[in-house]
Amino acid sequence: MLYKPLSKIAGENLKYMIKGSKYRTQDAFAYAFGAETRTVNRWLNEGIKNVDTLQEIAYFLSVEIADIIAENK
């Protein structure tokens with residue numbers, strides 16, 4: 001079994017959460033969240049490494065951090 005960092009899992013999960021939210025796109029999410037589009041793109045592709053950022057995103061999307069870092073099986 002290969003190990004995947006939680007930061008990478010969080011980025012992948014955020015990608016699906018954005019698509020399933022009212023924002024639909026990285027650009028719309030970035031604008032509403034108050035982040036640069038390139039920052040959101042980096043989170044989605046390289047992962048979210050900062051716990052404070054995870055907390056802010058979870059609060060913004062009204063989800064638990066555990067939902068963002070849960071590995072889909």
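Applying the salt bridge (charged side-chain N to carboxylate O under 4.0 Å, His left out) definition to pairs two or more places apart or across chains, those involving residues 3-14 are Lys4-Glu12.
Annotation: side-chain contact (heavy atoms from CB on, under 4.5 Å) contacts of Ser7 (sequence neighbours excluded): Pro5, Lys49. Partners of Lys19 under the salt bridge (charged side-chain N to carboxylate O under 4.0 Å, His left out) rule, at least two apart in sequence or in another chain, do not exist in this structure. Partners of Glu64 under the salt bridge (charged side-chain N to carboxylate O under 4.0 Å, His left out) rule, at least two apart in sequence or in another chain, do not exist in this structure.
Other residues, nucleotides and ligands place no more than 12 heavy atoms under 6.0 Å from the OH atom of Tyr16.
Under the 4.5 Å side-chain criterion, counting only non-hydrogen atoms from C-beta, Ile68 is in contact with Val63. Between Leu14 and Ile48, some side-chain heavy-atom pair lies under the 4.5 Å cut-off.
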Under 3.5 Å, which donor-acceptor pairs do the side chains of residues 31-44 form with other protein atoms, sequence neighbours left out?
residue, atom, partner, partner atom, Å
Thr37, OG1, Asp27, OD1, 3.1
Asn41, OD1, Asn45, ND2, 2.9
Asn41, ND2, Gln26, OE1, 3.2

Show which side-chain atoms of residues 50-58 pair as donor or acceptor with protein atoms under 3.5 Å away, not counting sequence neighbours.
residue, atom, partner, partner atom, Å
Asn50, OD1, Asp52, N, 2.7
Asn50, OD1, Thr53, N, 3.1

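Interatomic distance, CD1 of Ile18 versus CZ of Phe29, reported as 4.5 Å (0.5 Å rounding).
Linking Ile, Leu, Val, Met, Phe, Trp and Tyr whenever their side-chain heavy atoms come within less than 4.5 Å leaves Ile65 and Tyr59 in two separate clusters.
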